[in-house]
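Down below is the structure, laid out as structure tokens.
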2 protein chains.
Amino acid sequence: MISINFRDSRPIYEQVKDSLRRLIVSGALPADEKLPSVRELAAQLVINPNTIQRAYRELEHEGYIVSVPGKGSFAMAQSGANTERIRALLAQFDDAADELMYLGVPAGELRARIAEKEAKGNEA
Amino acid sequence: MISINFRDSRPIYEQVKDSLRRLIVSGALPADEKLPSVRELAAQLVINPNTIQRAYRELEHEGYIVSVPGKGSFAMAQSGANTERIRALLAQFDDAADELMYLGVPAGELRARIAEKEAKGNEA
DNA sequence: CAACTGTATTAACCGTCTTAGTACAGTTAG
DNA sequence: CTAACTGTACTAAGACGGTTAATACAGTTG
């Protein structure tokens with residue numbers, strides 16, 4: 001479900017954040033779904049609870065989850081559009097598309113990928 | 001031309017790499033164009049020459065530039081398709097698209113962005 | 001020869017990531 | 001109520017990577 005790569009230069013807490021965000025975005029973690037507890041996920045990944053805590057704290061700050069002392073952490077329905085995050089994602093999207101086309105990947109293939117996601121999103 | 005952000009958590013040499021790669025990809029730096037020397041760019045950005053050297057070394061390893069002792073560093077025409085880089089870029093592209101659509105950005109807008117790039121690429 | 005180019009190497013500093021250990025308050029099942 | 005869970009906070013220590021500084025050497029060029 002969630003995996004981390006110790007060889008990766010990226011911090012573990014970032015990898016955990018991205019994994020969880022991807023699970024939420026993909027629908028694998030619907031709103032109000034309970035996440036593993038800080039200690040449980042730490043034990044599962046064999047890393048320190050502090051590292052998980054940091055990932056959860058930042059995900060909550062980004063509006064993807066909500067943590068309640070004593071109860072747990074839960075996936076959260078996206079409320080207000082996160083304009084700042086959208087701006088960053090669009091920049092990432094454009095950069096990747098620009099370089100891919102420079103490297104010879106046809107624009108049609110990129111558009112087809114979008115269309116495929118659109119279909120998958122509607123079937124769910 | 002090339003700018004770095006000291007507040008950014010990303011390493012300076014990565015920022016330099018991305019700036020140069022973007023200049024090459026966008027066509028601002030055509031093949032065989034001479035890049036600033038290691039020391040010159042370091043002085044311009046007020047950072048250590050070693051940091052520039054590292055950026056150049058890795059860009060050469062990625063096939064974006066070529067460095068010749070005594071002469072300088074030059075933008076390089078993309079020869080063989082860099083399959084590894086393309087794979088990573090497609091993953092980045094997909095992740096951004098997935099989350100953008102999750103956040104409510106319509107697929108049509110993403111496709112329109114691709115089409116726009118396609119048009120710009122053809123006019124050049 | 002002089003001034004440039006890339007390249008290599010060593011040492012030192014500093015910030016961040018991660019771990020370990022402990023502690024406290026809220027929640028919940030028995 | 002108690003026990004076991006939950007999130008949260010804090011300090012200390014170690015490890016690692018990024019960056020700088022200071023040289024040094026070889027190839028190129030006017």
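Each chain gets a letter, A, B and so on, in the order the sequences are listed, and its residues count up from 1. Quick caveat: nothing in here was measured; it's all calculated off a predicted structure. These values consider heavy atoms only, across backbone and side chains, with no hydrogens, waters or symmetry-generated copies.
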Worksheet item: Rounded to whole angstroms, how far apart are CZ on F6(B) and P on dG18(D)?
Response: 16 Å
Worksheet item: If you measure from CD1 on I2(B) to CD on Q15(B), what distance do you get to the nearest 0.5 Å?
Response: 11.5 Å
Fill in: Test side chain to side chain donor-acceptor pair (under 3.5 Å) applied to Y64(A) and E99(B), step by step
CA-CA 11 Å; Y64(A) 280 92; E99(B) 191 172 347; 2.4 Å; yes
Worksheet item: Does K71(A) have a side-chain nitrogen or oxygen under 4.0 Å from the phosphate oxygens OP1 or OP2 of dG26(C)?
Response: no
Worksheet item: Does any donor-acceptor pair link the side chain of R54(B) with the base of dG18(D) at a separation under 3.5 Å?
Response: no
Item to complete: Ignoring the backbone of K34(A), work out which of dT27(C), dT6(D), dT19(C) is nearest its side chain.
Response: dT6(D)
Response to the item:
Between P69(A) and I12(A), whichever has its closest DNA chain C nucleotide further toward 5' is I12(A)
Worksheet item: Using 4.0 Å as the upper bound for N to carboxylate O, is an ion pair formed by K117(A) and D98(B)?
Response: yes
Worksheet item: For dT6(D), does OP1 or OP2 lie under 4.0 Å from any side-chain N or O of S73(A)?
Response: no
Response to the item:
The nucleotide from dC10(D), dG6(C), dT9(C) with an atom nearest the side chain of N50(A) is dC10(D)
Worksheet item: Within the pair Y13(B) and dG18(D), is there a side-chain N or O less than 4.0 Å away from OP1 or OP2?
Response: yes
Discussion item. Measuring from the side chain of E60(B) (C-beta onward, heavy atoms only), which nucleotide among dT7(C), dT8(D), dG7(D) has the closest atom?
Written reply: dT7(C)
Worksheet item: Once you round it to whole Å, what is the distance between P of dC4(C) and CG of L41(B)?
Response: 17 Å
Discussion item. Nearest to the S37(A) side chain among dT28(C), dT5(C), dG7(D), which nucleotide is it?
Written reply: dG7(D)
Response to the item:
R57(B) CZ to dG18(D) P, in whole Å, measures 11 Å
Worksheet item: For dT20(D), does either OP1 or OP2 sit under 4.0 Å from a side-chain N or O belonging to T51(B)?
Response: yes
Worksheet item: Where the side chain of N48(B) is concerned, which of dC24(C), dA21(D), dT28(D) is the nearest nucleotide?
Response: dA21(D)
Discussion item. Looking at R87(B) and E84(B), is any side-chain nitrogen of the basic one under 4.0 Å from a carboxylate oxygen of the acidic one?
Written reply: yes
Worksheet item: OP1 or OP2 of dG7(D) less than 4.0 angstrom from a side-chain nitrogen or oxygen of S67(A), does that happen here?
Response: no
Item to complete: Find the distance R39(B):CZ to dT28(D):P and express it as a whole number of Å.
Response: 16 Å
Practice prompt. Return the value, rounded to whole Å, for the distance between atom CD of Q15(B) and atom P of dG17(D).
Written response: 19 Å
Fill in: Side-chain touch L100(B)/I86(A), heavy atoms, less than 4.5 angstrom
yes
